Novice: 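Before I ask anything, here is the structure I am working with.
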Amino acid sequence: MEYNFSDIEKKWQEYWTKNGSYKVSNDSPKPKYYVLDMFPYPSGAGLHVGHPLGYIASDIFARYKRLKGFNVLHPMGYDAFGLPAEQYAIDHGIHPAVSTAANIENFRQQMDNMAFCFDWDREVRTSDPNYYKWTQWIFLQLFDSWYDRKQNKAVPLADLITTFEKEGNKAHPCPGDASIQFTAEEWKSFDNRRQQDILMNYRLAFCGYGEVNWCEALGTVLANDEVVNGVSERGGFPVVKKKLRQWYLRITDYADRLLEGLETVDFSDAMKEMQTNWIGKSFGAEIDFDIFRTDEKLKVYTTRPDTLFGVDFMVIAPEHALVNLITTDQQRGAVEEYVAYVNSRSERERMAEKKISGCFTGAYAIHPFNGRHIPIWTSEYVLAGYGTGAIMAVPCGDERDFKFARHFGLDITNIIGDAYNGEEANPTKDAVLENSDFLDGLVMKDAIVIAIRRLEEKGIGIRKVNFRMRDAAFSRQRYWGEPFPIVWENGIATPLDIKNLPLELPHVEKYGPGPEGEGPLSNVPAWTARHLETNTMPGYAGSSWYFLRYMDPHNQEEFCSRKASDYWNQVDLYIGGSEHAVGHLLYSRMWTKFLYDRNLIGYEEPYKRLVNQGMIQGSSRFVYRIETKSSGAPIFASQGIAGIANTPEGHELITLAVRNILNDPNLSFESIGITPIHVDVNIVDGNELDTEAFKKWRAEYANAQFILEEGKYFCGSEVEKMSKSKFNTVNPNDLVAKYGADTFRMYEMFLGPVEQSKPWDTKGIEGVHRFLRKLWRLFFDETKGKVWTTEAPKDAEWKCIYQTIKKVEEATERFSFNTGVSAFMIGVNELTDLKCYKKDVLEKLVIILTPYAPHVAEELWHALGNETSVLDASYPKVEEKYLVESSKNYPVAINGKTRTELNIALDATQQQVEEMVLADEIVKKWLEGNAPKRVVYVKNKMINVVV
RNA sequence: ACCGGGGUGGCGGAACAGGUAGACGCGCAGGACUUAAAAUCCUGUUUGCAGCAAUGCGAGUACGGGUUCGAUUCCCGUCCCCGGUACCA
């Protein structure tokens with residue numbers, strides 16, 4: 001009986017489907033466990049071998065938890081709205097709903113192939129009106145809420161209106177615009193429009209104005225990654241910044257709680273650090289500087305008010321409103337030129353710029369304490385969106401300020417004495433201040449408070465907490481997204497009644513933008529006639545709360561019943577890429593906190609534990625075309641030959657070969673041109689090209705000729721991102737067909753730690769396949785058939801299986817699936833050596849293998865005579881008594897270098913060990929008659945003799 | 001530029017709390033079985049030097065320093081690669 005994986009896998013997949021083996025109930029006496037994968041975007045390219053890495057890991061863990069007695073929720077769905085589908089629609093005229101549905105079908109087929117234990121009855125799609133009805137509903141709750149600093153939570157807007165009617169807004173300063181202040185009488189005197197405008201500044205989902213990448217030639221707003229070097233990626237047309245009305249989420253109101261919440265979740269330190277840095281909470285002061293000969297004030301934010309006397313110049317962002325107002329006539333030309341240059345650059349380019357640039361405005365700020373005139377510059381290294389868009393530059397203490405001063409030959413005042421060496425800035429907080437007036441003699445970190453106090457007394461500055469994080473832009477000028485359930489009535493945003501949800505996305509034939517950068521919906525007369533909002537929601541809207549919908553996916557009355565969300569509670573394990581570290585994770589954490597505040601769910605962190613999966617990179621293969629200037633057959637040189645093309649030897653070799661192929665005995669090359677070309681990795685075995693397949697691959701290569709090495713064509717290789725355009729994608733379907741899903745799953749895990757990125761190499765999969773066949777042979781022999789017996793196992797056999805269980809269990813618990821697979825291999829190798837074919841041992845092996853290779857496990861489980869599914873077996877317990885050891889082979893090192901081994905009882909004392917070690921011949925040799933300085937003995941680890 | 005991660009044999013990787021560097025697998029080499037091949041099995045495989053060999057000696061975890069009896073692991077500095085940087089998802 002052979003290991004016939006395709007029959008086995010088909011058989012059990014049908015069995016599991018027929019028996020609803022993956023159906024999960026919201027009602028179970030077992031403890032619950034929720035395993036979630038990050039939502040995939042169903043791209044047209046389908047899944048390549050890099051995508052399922054996280055899904056396999058989560059699937060193994062979900063199945064493992066099930067064997068451990070948990071009621072496990074492990075759902076899957078699709079983040080189905082998004083830009084690529086819309087771009088595809090524009091390019092091919094296929095409606096996004098149609099292409100998305102087709103892509104989803106393809107994804108589903110690919111996933112089914114890998115036998116994930118998803119409960120597909122719970123599938124969600126963000127583009128399904130039954131789903132986005134609730135995205136719209138949550139949006140309306142955000143729209144109808146504001147953040148009450150007193151209670152430190154989101155509350156309904158109705159309460160705020162009552163307060164305004166009683167006492168104005170003095171108790172609740174306006175988060176959107178601090179200058180808005182009014183009494184109860186004033187509030188009552190405002191007309192509806194004015195009142196609504198004020199309320200908009202409080203709402204958690206609010207309207208404002210923001211800059212977008214506007215491309216006049218394409219007539220559309222572009223995403224950042226569609227803009228390259230200031231021009232559109234498609235067509236290379238100029239892109240400018242354009243201000244448009246936009247929706248925002250006031251995520252900054254949650255900044256502190258997003259920080260605090262990190263202490264309650266099990267994310268990696270790196271992840272927490274990235275989020276902390278993204279939120280970027282800082283403490284400092286806002287200071288107003290008078291500007292010489294104008295009435296304007298320059299407001300700067302600084303975290304280092306202690307360095308106030310080290311300010312040598314000011315820098316304001318080129319888009320700062322003051323630039324125009326304070327630039328002197330002499331400088332105007334230069335400043336305008338500089339601002340135009342900066343405008344053509346993306347924020348990314350500005351931040352990445354190493355070259356120092358800037359322009360003096362001609363204006364001077366006046367130092368509030370010593371009246372010094374401080375030149376005001378503008379430079380791209382200061383961004384308008386952060387702080388006040390202006391900084392006070394202290395070159396002796398800040399590296400960028402220092403370089404700027406050096407570059408433009410500006411004065412550098414030293415306020416920290418010896419701590420500044422004149423060669424580079426010193427950002428210390430521990431130096432003692434000098435040249436600093438009333439701060440002289442103080443240690444910098446103590447001076448911060450004192451400086452702020454003096455600024456506040458003088459009325460020119462205030463203590464200020466600042467966040468780097470900005471409010472989240474929540475609208476897109478696109479078609480393929482959730483419509484906003486908002487009607488504009490005389491300039492007032494009015495929510496649709498809940499009974500009118502979902503507001504369905506209208507069908508359109510054309511996806512082009514509307515006038516002035518408005519979204520495509522502005523071209524739909526039936527839409528604009530109702531004065532509906534023409535923007536749509538961004539990609540992260542639907543993915544900010546999807547983990548809740550899986551709990552109660554068919555609920556028509558609520559986004560998720562409280563009973564369901566209380567039962568499943570937080571996601572116990574969330575697996576996904578670290579590319580979502582700040583975007584998706586912060587948004588969904590904010591939404592969860594909001595739903596908690598409004599008492600719609602019972603917890604404020606969505607994900608209890610987060611594991612990041614690495615990327616699988618592609619391993620590209622190249623063929624090397626020789627540039628013959630001949631229109632005849634393309635000629636390709638094997639890698640070893642192409643590599644030496646321009647050595648005398650290679651030159652001769654290639655020349656002769658080409659003459660031969662082209663039948664042109666007089667042909668000669670001055671130098672040989674070689675062009676590397678990506679070749680489909682699927683027609684390359686290791687590095688050896690299947691030349692016949694290559695000829696069939698593309699018409700232009702049909703009569704290709706090859707210069708071989710040892711009769712073979714070898715390709716070059718390089719690790720790159722896995723993508724269709726590089727022909728380095730591998731479809732899991734092909735590997736499943738060739739080796740089976742069990743092999744594929746185990747191989748993906750065997751590649752390396754899930755968290756790490758690594759290149760894909762199909763070659764190694766055979767080793768894992770061999771392992772499964774070797775396992776099979778513990779049960780069945782090709783000729784003899786059944787070989788397993790019901791004999792009682794010996795101690796050595798028990799020891800082997802319990803060691804394996806222990807290693808696999810520990811590896812699974814810490815997501816070290818690669819070492820888990822290797823523990824299986826070691827176990828099977830040992831059982832084979834022991835000739836152990838005993839049911840009691842093999843049955844345990846089959847159970848622990850279930851999460852990794854469910855099909856073969858189910859088959860062998862039944863072969864051993866079991867009637868029920870192995871999915872519901874219970875995980876075997878380790879019997880420690882078979883694992884106890886009484887002695888250990890200790891490595892004995894001399895000065896840290898291992899020289900020999902000694903078998904010593906585990907309970908040996910230091911003295912006993914020293915005696916044994918010093919009596920050893922090899923140790924004696926190294927001691928050369930001298931007494932050792934020291935003998936280090938670490939129990940159960942090693943021995944080191946110091947000479 | 002900033003934030004985060006990573007760099008170990010020909011390759012993927014292992015070494016879990018500072019204690020035998022290279023488990024497991026691929027590849028490669030040699031051998032067994034076979035008319036032959038596939039499959040399977042066995043042996044070897046970090047590297048340099050010495051030796052028929054067992055083995056011995058030295059070097060070695062990106063690079064340069066440091067702490068320690070002992071460093072792939074901790075600290076300082078440098079280089080390279082990957083992810084993110086707010087409208088890709």
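Within every chain, numbering begins at 1; the chains are lettered A, B, ... in the order of the sequence lines, protein sequences first and strands thereafter. Worth saying up front: this structure is predicted, and the values here are computed from it rather than measured.
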Novice: Tell me: CZ of A:Arg934 to P of B:U68, nearest whole Å?
Specialist: 12 Å

Novice: Select base, sugar-phosphate, or nothing to describe what A:Glu226 touches, counting heavy atoms under 4.0 Å on all strands.
Specialist: nothing

Novice: Scan A:Asp761 against the nucleic acid and name what it touches under 4.0 Å (heavy atoms): base, sugar-phosphate only, or nothing.
Specialist: nothing

Novice: Could you give the CZ-to-P distance, from A:Arg621 to B:C11, as a whole number of Å?
Specialist: 13 Å

Novice: Could you tell me whether A:Ser268 contacts a base, only the sugar-phosphate backbone, or nothing, with contacts defined as non-hydrogen atoms closer than 4.0 Å?
Specialist: nothing

Novice: Which of these nucleotides, B:C41, B:A39, B:G12, is closest to any side-chain atom of A:Leu751?
Specialist: B:G12

Novice: Could you tell me the separation between the NE2 atom of A:His769 and the C1' atom of B:U40, rounded to a whole number of Å?
Specialist: 13 Å

Novice: Picking from B:G84, B:A14, B:G70, which would you name as closest to the side chain of A:Asn944?
Specialist: B:G70

Novice: Of the candidate nucleotides B:C24, B:A89, B:G13, which contains the atom at the shortest distance from the side chain of A:Asn829?
Specialist: B:C24

Novice: Provide the distance between the two C1' atoms, one in B:A71 and one in B:A38, to the nearest whole Å.
Specialist: 48 Å

Novice: Output yes when A:Arg814 and A:Glu810 qualify as a salt bridge under the 4.0 Å nitrogen-oxygen rule, no when they do not.
Specialist: no

Novice: What nucleotide, of B:C3, B:C88, B:C24, holds the atom closest to the side chain of A:Met274?
Specialist: B:C3

Novice: State, with a plain yes or no, whether a side-chain heavy atom of A:Phe5 is found less than 4.5 Å away from one of A:Asp742.
Specialist: no

Novice: Does B:G9 count as syn, meaning its glycosidic angle lies within 90° of 0, or as anti?
Specialist: syn

Novice: Work out how far the P atom of B:G6 is from that of B:C26, and round it to whole angstrom.
Specialist: 28 Å

Novice: Taking donor-acceptor contacts at under 3.5 Å, does the side chain of A:Gln477 reach the base of B:C87?
Specialist: yes

Novice: Would you please indicate if the ring centroids of A:Trp760 and A:Tyr747 are separated by under 6.0 Å?
Specialist: yes

Novice: For B:U43 versus B:A23, give the span between their P atoms, rounded off to a whole number of Å.
Specialist: 15 Å

Novice: Is B:A17 in the syn range, within 90° of 0, or in the anti range?
Specialist: syn

Novice: For the side chain of A:Asn277 and the base of B:C3, is some donor closer than 3.5 Å to an acceptor across the two?
Specialist: no

Novice: Apply side-chain hydrogen bond (donor to acceptor under 3.5 Å, both in side chains) to residues A:Thr536 and A:Trp480 and explain how you reach the verdict.
Specialist: CA-CA 8 Å; A:Thr536 53; A:Trp480 192 233; over 6 Å; no

Novice: Picking from B:U40, B:C88, B:G19, which would you name as closest to the side chain of A:Arg773?
Specialist: B:U40

Novice: Of the nucleotides B:A14, B:U20, B:G84, which one has an atom closest to the side chain of A:Thr819?
Specialist: B:A14

Novice: Kindly determine whether A:Asp471 and A:Thr252 satisfy side-chain hydrogen bond (donor to acceptor under 3.5 Å, both in side chains), including the steps that lead there.
Specialist: CA-CA 6 Å; A:Asp471 281 328; A:Thr252 49; 2.6 Å; yes

Novice: With rounding to the closest Å, how many angstrom separate the C1' atoms on B:A17 and B:C74?
Specialist: 12 Å

Novice: NA contact type, A:Gln246, heavy-atom cut-off 4.0 Å: base, sugar-phosphate, or nothing?
Specialist: base

